[in-house]
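A note on names: the letters A, B, ... follow the listed sequences, proteins ahead of strands, and every chain is numbered from 1.
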Number of protein chains: 2
Amino acid sequence: MFKVRAIEIVLSIRPAMNLKELATKLGLSPTTVSRALNGYPEVNEATRERVMAAAKRHNYYPNTRAIRLATGRAMAVGHVIPIATRHEIVNPVFADFIAGAGETYSRNDYDMVLSVVPDEGEEDTYRSLKSKGNVDGVIVHAPRMNDPRIPLLREIGLPFVVHGRATGTAEPYCWLDVNNRRAFQRATEFLLDLGHTRIALVNGLEFMDFAIRRRTGYVDALTARGITPDPALMASDEMTEIAGFRAASAMLALPNPPTAILAASMISGMGVRRAVEGKGLTVGREVSIIIHDDDLSYMKNGEDVPIFTATRSSVREAGRLAAEMLLDVIAHPEAAPQQRLLEAELIIGQSTGPAPKG
Amino acid sequence: MFKVRAIEIVLSIRPAMNLKELATKLGLSPTTVSRALNGYPEVNEATRERVMAAAKRHNYYPNTRAIRLATGRAMAVGHVIPIATRHEIVNPVFADFIAGAGETYSRNDYDMVLSVVPDEGEEDTYRSLKSKGNVDGVIVHAPRMNDPRIPLLREIGLPFVVHGRATGTAEPYCWLDVNNRRAFQRATEFLLDLGHTRIALVNGLEFMDFAIRRRTGYVDALTARGITPDPALMASDEMTEIAGFRAASAMLALPNPPTAILAASMISGMGVRRAVEGKGLTVGREVSIIIHDDDLSYMKNGEDVPIFTATRSSVREAGRLAAEMLLDVIAHPEAAPQQRLLEAELIIGQSTGPAPKG
DNA sequence: TTGCGCATCCAAAGCGGTTTGAATTGATTC
DNA sequence: GAATCAATTCAAACCGCTTTGGATGCGCAA
């Protein structure tokens, strides 16, 4: 009994083999072993193979902490998530973005570190992340108008990529965004082409940059066809089922109700649908609905919910691409800021149809 | 122009002040400065204050990478998220758990590192996390029956805490779980007390441990009152809106339909509600519904959705507590495995009422 | 034969902290 | 007045890797 236990303890306590030990075992210097493993040219191919084999055999893994200190790089990327507001991790869209970004980091041997901090501590977090050297760069989530994080990050010299854009920021910076304006413009045009003229917008909160752009696209499309946007047909609220339900219910109760509704997300779209059906109307006949579909992996349009006509853009893919961009920025800090605009595609589903005859 | 640019570059390139520099500036040895900052007793209080002040003034932050190498601790905790399946990050519940855990880590100056890896790579990930020394411990998510990760982690000696339990694992291990069996037992009893006898269960996938326990609780409660569980009233599927809708619709179409339905989550509960209303029935009168409510921050029962009667247990709080447990295990690796069972509370909402008179 | 270049390999100096083992000093004890 | 002790402080080793600046040996042109 005691004996067995002692052995276990020894086994679990024995530290992992390190470079020096491996080198000794091979009768080589740590320098050569390190170079052999890292693919440097100044080492004999036969030697390299011997080293690689030995490393595998003794399953040697270089200690990440030592590498990080020696190279001066963190090999890690940060995502700072403020709590208290209901718009971040809280938001189911966020999880998919993180999943996408995480795939990229895994492939490149980077760690993804999430910092969950109180709202007011976000700036301090960036500062300390930088000066303590925990990460090589960060992704900025959910930009707002004149977002203070952008000048801050530039000032402290921490590489970053913004997911979305911050209206009002003058200096160029790295970002990756979906063309929200164009997406909602196209969706609106699609409805106009179907003969709709009373088209409503159930938007997200309009201090978020993407919501502003969506409204612009919607308004532009209407205006271009000579239709004056009706404030009664524009709502702005959280993107929840109940908010969608309420906004749509109110609009449908108007003397001159909409025949088509644009919803900001799948969830609010479900609320809109409930409102329409609750009025005894049929979606796609009396009332058309178009949603924006982030292509969430746990809630596929047409799989988990009936097929909505939608402007679709995978937020997970956006996560992958934003992460790639960030790694690139980290590798080439002096390069000009990259910017990338993804286009959403218009998916025709069963929730839209010709405008009902007056 | 050039001048300004040059200054910027110098500013952004100048490395952060380090211990040695600070020590020199103070006319002290690095040893003393380090000790002063870390609260060791063998340093004069006057000196300590001088050091603290200087550190703040020059805003010195110790380099995390160096600390990690020197102390041999990663000061980081891992969460491994397999992709490909639809049950992890993918799952909106997961985000809230992570947020809760993240709060704990922030408070304790630990980093939270998320590894998003392909399903089949999960075991290798744990191995490499351990041998490369990236983390001091991990949280195991979504345990299944006879989960292979538990023996693996024990074997490689990486501290861990399981969120949930793994039926079939013999050796004791650390876990934190909600008493799912009791929660569903109580919910079922509550319905029985209201006079219901045809009670249905719309469960999650039953290879997940929590789903098994919930069914047990449900079956036990029925059996204890002399009611034989009816297989036609038990469904098991993804916890999506559409799955809830389909399962409930099928049950309500039976010759002898249920008068009450237990749903595994808020989302599937919404599907159940849609099915009930779609049949022209009223929730809380003809059909009672009880859901399990994870108290998700982006979807509050009674705020974003009408109030359901529910068994409630905050998954975010679970994240906080599990993280605390893990930090404790890391600090005292030799201690006996901790285990903690959280009780869900029964929230009485508007979705339940007395059984309709036959 | 000498010298140069190339291919290999290695000793040692970092990276920026923590921690061990002593040294220094002034006060206390006998 | 010598020895002892507690309070402070420091020099140096160490954590495990990378990287600089040589060595070493050998083939080959001069």
Below 3.5 Å is the cut-off: list the nitrogen or oxygen pairs between protein and nucleotides 19-22 of chain C, distance only.
{"from": "dT19(C)", "atom 1": "OP2", "to": "Tyr40(B)", "atom 2": "OH", "distance (Å)": "2.8"}
{"from": "dT19(C)", "atom 1": "O4", "to": "Thr31(B)", "atom 2": "OG1", "distance (Å)": "3.1"}
{"from": "dT20(C)", "atom 1": "O4", "to": "Arg35(B)", "atom 2": "NH2", "distance (Å)": "3.3"}

Taking atom [atom2] of [N] as reference, at what distance in whole Å does atom [atom1] of [X] sit?
X	N	atom1	atom2	answer
Asn18(B)	dG14(C)	CG	P	13 Å
Asn63(B)	dT18(C)	CG	C1'	13 Å
Arg73(A)	dG16(C)	CZ	P	15 Å
Asn44(A)	dC10(C)	CG	C1'	15 Å
Arg68(B)	dG17(C)	CZ	P	14 Å
Arg65(A)	dT18(C)	CZ	P	14 Å
Tyr61(B)	dG17(C)	OH	C1'	17 Å

* To do: Decide yes or no on side chain to side chain contact (heavy atoms under 4.5 Å, CB included) for Met325(B) and His163(B), but give the supporting numbers first.
  => CA-CA 11 Å; Met325(B) 186 181 287; His163(B) 178 213; over 6 Å; no
Q | Derivation and outcome, side chain to side chain contact (heavy atoms under 4.5 Å, CB included), residues Leu321(A) and Leu342(A) | A | CA-CA 10 Å; Leu321(A) 297 173; Leu342(A) 305 174; 3.9 Å; yes
[X] near the nucleic acid: base, sugar-phosphate alone, or nothing, with a heavy-atom cut-off under 4.0 Å?
X	answer
Gly133(A)	nothing
Leu19(B)	base
Ile67(A)	sugar-phosphate

Tell me, please, the opening and closing nucleotides of DNA chain D, 5' to 3', among those with an atom under 4.0 angstrom from a non-hydrogen atom of chain B.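 Counting from the 5' end, contacts occupy dT8(D) to dG16(D).
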Q.
Between Asp136(B) (side chain only) and Val77(B) (backbone N and O only), is there a donor and an acceptor less than 3.5 Å apart?
A.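 Pair absent, no side-chain N/O of Asp136(B) close to backbone of Val77(B).
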Between Arg48(B) (side chain) and Ala36(B) (backbone), is there a donor-acceptor pair under 3.5 Å?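 Yes; judged by distance alone, with no hydrogens or angles, the pair exists.
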| Residue pair Phe97(A), Ile139(A): steps toward the side chain to side chain contact (heavy atoms under 4.5 Å, CB included) verdict | CA-CA 11 Å; Phe97(A) 182 89; Ile139(A) 297 270; 4.0 Å; yes
Exercise. Given side chain to side chain contact (heavy atoms under 4.5 Å, CB included), test Ile150(B) with Glu171(B) step by step and report yes or no.
Key: CA-CA 9 Å; Ile150(B) 296 173; Glu171(B) 307 274 317; over 6 Å; no
Strictly below 4.0 Å, N to O, side chains only: are Glu155(B) and Lys130(B) in salt-bridge contact?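 A salt bridge is absent here (no side-chain N lies under 4.0 Å from a carboxylate O).
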Which pairs with one or both residues in residues 59-82 of chain A pass side chain to side chain donor-acceptor pair (under 3.5 Å), sequence neighbours excluded?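 The answer is Thr64(A)-Asn134(B), Arg68(A)-Asp111(A), His79(A)-Tyr105(A), His79(A)-His141(A).
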* To do: Using a cut-off of 6.0 Å, state whether more than 12 heavy atoms not belonging to Arg340(A) lie near its atom CZ.
  =>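 Result for CZ/Arg340(A): open.
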